[in-house]
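What you see is a predicted model; the values in this text were computed from it and never measured. Nothing fancy with the numbering, it's 1 onward along the sequence.
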Amino acid sequence: MKGALLTALALVLLSIEAVLVRTFGFEVTRIDVTVAIIVFVAVRAKTIEGALTSFAIGYLVDVFTGRPSGLMPALAVLVFLLARAAAQL
């Protein structure tokens with residue numbers, strides 16, 4: 001349930017980010033709101049739930065950016081695993 005809510009939050013924030021990037025013309029630089037959500041998931045959620053949530057958030061980023069398919073979900077899970085390892089130190 002938490003994962004679905006965080007994925008929905010990521011969808012809303014990505015929609016806002018897309019509008020702001022298009023409105024203000026931030027083509028080169030942009031604020032990546034999903035990294036903050038993935039780090040939050042790494043600290044708070046269990047491993048399987050967090051990995052699935054990170055994958056879903058990465059897939060949403062893939063849909064919004066139009067980059068090669070599969071790159072962002074893999075990076076999101078990698079960021080999750082690295083943040084999870086750093087949180088347990």
Side-chain angles (χ1 to χ4, degrees):
M1 184 67 173
K2 264 193 298 189
L5 290 174
L6 288 172
T7 304
L9 175 66
L11 177 64
V12 169
L13 291 176
L14 281 169
S15 299
I16 293 170
E17 178 184 351
V19 168
L20 291 178
V21 165
R22 188 136 174 104
T23 302
F24 295 116
F26 296 126
E27 297 297 326
V28 177
T29 60
R30 65 181 185 92
I31 300 168
D32 197 3
V33 296
T34 57
V35 173
I37 296 173
I38 291 171
V39 170
F40 175 78
V41 168
V43 174
R44 296 290 179 139
K46 296 178 183 173
T47 305
I48 298 298
E49 178 187 5
L52 291 174
T53 303
S54 298
F55 182 84
I57 291 171
Y59 185 76
L60 286 175
V61 173
D62 234 3
V63 169
F64 272 86
T65 60
R67 299 202 180 177
S69 182
L71 178 64
M72 297 311 257
L75 286 176
V77 173
L78 179 66
V79 168
F80 168 76
L81 292 174
L82 290 174
R84 181 88 175 172
Q88 293 182 358
L89 289 180

Engineer: Would you compute the distance between atom CG of Leu20 and atom CD1 of Ile16 and round it to the nearest 0.5 angstrom?
Structural biologist: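 Those atoms lie 7.5 Å apart.
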Engineer: If every non-hydrogen atom of Ile37 is compared with every non-hydrogen atom of Ile57, which pair is closest and at what distance?
Structural biologist: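 Looking at all heavy atoms of both residues, the closest pair is CG2-CD1, 3.6 Å.
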Engineer: Would you say that Thr53 contacts Thr7 through its side chain, given a criterion of any heavy-atom pair below 4.5 Å between the two side chains?
Structural biologist: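 Side-chain contact under 4.5 Å: yes.
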Engineer: Please check if atom CG in Leu5 has more than 12 non-hydrogen atoms from other residues, nucleotides or ligands closer than 6.0 Å.
Structural biologist: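 Yes, the 6.0 Å shell around CG holds more than 12 heavy atoms from other groups.
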Engineer: If you compare all heavy atoms of Pro73 against all heavy atoms of Asp62, which two are closest, and at what distance to 0.1 Å?
Structural biologist: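 Closest pair (atom of Pro73, atom of Asp62, distance): CD-OD2, 3.4 Å.
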Engineer: Measuring from Glu49:CD to Leu6:CG, what's the distance to the nearest 0.5 Å?
Structural biologist: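 With rounding to 0.5 Å, CD (Glu49) is 8.0 Å from CG (Leu6).
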Engineer: To the nearest 0.5 angstrom, please state how far the CD1 atom of Ile38 sits from the CG atom of Leu78.
Structural biologist: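 Interatomic distance, Ile38 CD1 to Leu78 CG, rounded to 0.5 Å: 10.0 Å.
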Engineer: For Ala42 and Phe80, work out which heavy atoms get closest and say how close.
Structural biologist: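 That would be CA-CE1, 3.4 Å.
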Engineer: Do other residues, nucleotides or ligands put more than 12 heavy atoms under 6.0 Å from Tyr59 OH?
Structural biologist: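 No, because the 6.0 Å sphere around OH of Tyr59 holds 12 heavy atoms or fewer from other groups.
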Engineer: Looking at residues at least two apart in the chain, or sitting in another chain, which of them share a side-chain contact (heavy atoms from CB on, under 4.5 Å) with Val39?
Structural biologist: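 Val35, Ala83.
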Engineer: Do Leu60 and Leu52 sit in the same hydrophobic cluster, where Ile, Leu, Val, Met, Phe, Trp and Tyr count as joined when their side-chain heavy atoms come under 4.5 Å apart?
Structural biologist: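 The answer is no; the residues belong to distinct hydrophobic clusters.
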Engineer: Run the side-chain hydrogen bond (donor to acceptor under 3.5 Å, both in side chains) test against Thr47 and tell me which residues pass, sequence neighbours left out.
Structural biologist: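 Thr47 satisfies side-chain hydrogen bond (donor to acceptor under 3.5 Å, both in side chains) with Arg84 only.
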Engineer: Side chains of Thr34 and Val79: does their closest heavy-atom pair fall under 4.5 Å?
Structural biologist: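 Sidechains of Val79 and Thr34: no contact.
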Engineer: Leu71, Val61: one ILVMFWY side-chain cluster at the under-4.5 Å cut-off?
Structural biologist: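 Shared cluster, yes.
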Engineer: If I compare all heavy atoms of Ser54 with all of Ala76, which pair ends up nearest, and what's the gap?
Structural biologist: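 Taking every non-hydrogen atom into account, O-CB, 3.2 Å.
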Engineer: Could you pull out the closest heavy-atom pair between Val77 and Ala51, with the gap in Å?
Structural biologist: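 Between these two residues, the closest heavy atoms are CG2-O, 3.8 Å.
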Engineer: Looking at every heavy atom in both Leu11 and Phe64, which two are closest together, and how far apart are they?
Structural biologist: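 Reported closest heavy-atom pair: CD1-CE1, 3.7 Å.
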